[in-house]
Amino acid sequence: MSTQYWLMKSEPNVYSIDDLKREGRTHWEGVRNYQARNFMRDQMNLNDRVLFYHSNCNPPGIVGLATVSKLAYPDFFAWDSSSPYFDPKASPEKPIWMMVDVDYEAHFSKIISLEQLKNEAALAGMLVAKKGMRLSIQPVTQAHFDHVLEMAKH
DNA sequence: GCCAACGTTGGC
DNA sequence: GCCAACGTTGGC
């Protein structure tokens with residue numbers, strides 16, 4: 001299976017790329033959207049590459065790279081009643097929600113802001129730049145991924 | 001803090 | 001199964 005490319009959003013005041021660098025690996029818990037879950041469950045493969053995106057901050061944008069290091073498995077925070085991600089409908093027998101593990105790869109030397117992404121002709125059609133796009137896990141084409149890497153060099 | 005966009009829930 | 005009401009996301 002060839003490498004696939006993704007963009008994953010995190011609010012830096014909840015979990016930032018600095019947190020991921022310090023920990024090396026994290027489980028991507030708390031996804032409570034079926035489409036995003038299905039991407040993780042049905043399509044993500046080991047070593048898929050991830051653009052790490054900081055949302056709900058100023059400025060929002062892509063701050064670095066990560067890789068998928070464990071295939072989807074039940075998000076056990078869903079049945080932990082003390083977790084902010086608790087879902088009373090989920091249980092170990094019926095997990096509902098899934099997560100993958102993600103490894104730190106690199107920081108970009110500086111953030112590639114959402115504004116830059118929107119202004120970049122080569123990234124036309126990239127989901128993250130679309131108005132009203134709230135999906136927290138998005139597929140990225142190889143061409144767009146490669147172009148983001150190029151932008152990160154400059 | 002506002003609010004547009006979107007997803008989910010639940011009454012009917 | 002429609003759709004209004006509600007909750008959430010996330011840019012601004």
Side-chain angles (χ1 to χ4, degrees), chain A residues 4-23 26-44 48-68 72-141 143-145 147-152 154:
Chain A
Q4 301 173 105
Y5 304 91
W6 306 95
L7 179 143
M8 296 172 80
K9 294 182 187 173
S10 187
E11 301 190 18
N13 62 341
V14 176
Y15 194 86
S16 73
I17 194 167
D18 296 326
D19 295 321
L20 181 59
K21 182 177 188 181
R22 189 175 59 251
E23 296 184 351
T26 193
H27 29 60
W28 204 266
E29 74 274 15
V31 171
R32 297 291 178 268
N33 168 283
Y34 289 104
Q35 202 179 348
R37 178 204 67 182
N38 293 349
F39 282 134
M40 289 196 290
R41 186 190 62 190
D42 304 335
Q43 292 187 240
M44 276 194 186
D48 277 2
R49 304 189 73 190
V50 176
L51 300 172
F52 197 111
Y53 181 90
H54 279 175
S55 65
N56 203 13
C57 58
N58 188 17
I62 300 169
V63 289
L65 297 170
T67 54
V68 175
Y73 59 104
D75 179 347
F76 47 79
F77 291 83
W79 55 83
D80 173 358
S81 60
S82 69
S83 168
Y85 304 122
F86 178 62
D87 178 350
K89 294 197 286 295
S91 66
E93 296 72 33
K94 190 164 176 276
I96 305 180
W97 303 112
M98 307 287 280
M99 58 185 171
V100 294
D101 283 0
V102 160
D103 280 13
Y104 175 79
E105 183 176 338
H107 275 67
F108 288 164
S109 56
K110 64 179 190 151
I111 186 170
I112 302 175
S113 70
L114 178 60
E115 186 183 14
Q116 282 176 274
L117 297 172
K118 285 179 172 172
N119 289 335
E120 192 74 7
L123 298 182
M126 193 174 180
L127 290 176
V128 72
K130 288 194 175 169
K131 187 172 185 237
M133 172 48 67
R134 304 189 314 184
L135 196 58
S136 65
I137 297 177
Q138 303 173 5
V140 174
T141 66
H144 286 166
F145 184 90
H147 191 79
V148 169
L149 292 194
E150 278 304 308
M151 291 171 73
H154 304 298

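Side-chain atoms are counted along with the backbone in the values below, which use heavy atoms only and exclude waters and symmetry mates. Keep in mind the model is a prediction, meaning the values are calculated, not measured. The sequence lines fix the lettering, A, B, ..., with proteins before strands; numbering per chain opens at 1.
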Parallel, tilted or perpendicular for A:F52 and A:H54, by the 30°/60° rule?
perpendicular
With the threshold set at under 4.0 Å for non-hydrogen atoms, list the residues of residues 111-129 of chain A touching DNA chain C in residue-number order.
A:L114, A:K118
Between A:G30 and A:D75, the two heavy atoms sitting closest are N-OD2, 2.8 Å
Take A:K21 and A:D18 through the test salt bridge (charged side-chain N to carboxylate O under 4.0 Å, His left out) and record every step on the way to the result.
CA-CA 5 Å; A:K21 182 177 188 181; A:D18 296 326; over 6 Å; no
What's the shortest heavy-atom distance between A:M99 and A:W28, and which atoms?
CB-O, 3.4 Å
A:R134: which residues meet the salt bridge (Lys or Arg N to Asp or Glu O under 4.0 Å) condition with it, sequence neighbours left out?
none
A:V128 and A:L114: which non-hydrogen atoms are nearest, and at how many Å?
O-CD1, 3.6 Å
Using five pairs at either end of the helix from B:dG1-C:dC12 to B:dC12-C:dG1, determine the angle between the two local helix axes and round it to 10 degrees.
10°
Are A:W79 and A:P95 close enough that some pair of their side-chain heavy atoms sits under 4.5 Å apart?
yes
Gap separating the CD1 atom of A:I112 from the CG atom of A:L149, nearest 0.5 angstrom
8.0 Å
With B for base contact, S for sugar-phosphate-only contact and - for none (protein heavy atoms under 4.0 Å), nucleotides 2-11 of chain B reads --SBBSSS--
Ring centers of A:W97, A:Y34 separated by less than 6.0 Å:
yes
My understanding is that only residues two or more places apart in sequence, or in another chain, count here; which of them pass salt bridge (Lys or Arg N to Asp or Glu O under 4.0 Å) with A:D101?
none
Please work out which of the three classes, parallel, tilted or perpendicular, describes the rings of A:F77 and A:Y85, given edges at 30° and 60°.
perpendicular
Flag yes if more than 12 heavy atoms outside A:E115 fall under 6.0 Å of its CD atom; otherwise flag no.
no
Here the residues of residues 49-58 of chain A within 4.0 Å heavy-atom distance, strictly under, of DNA chain C are A:Y53, A:S55, A:N56
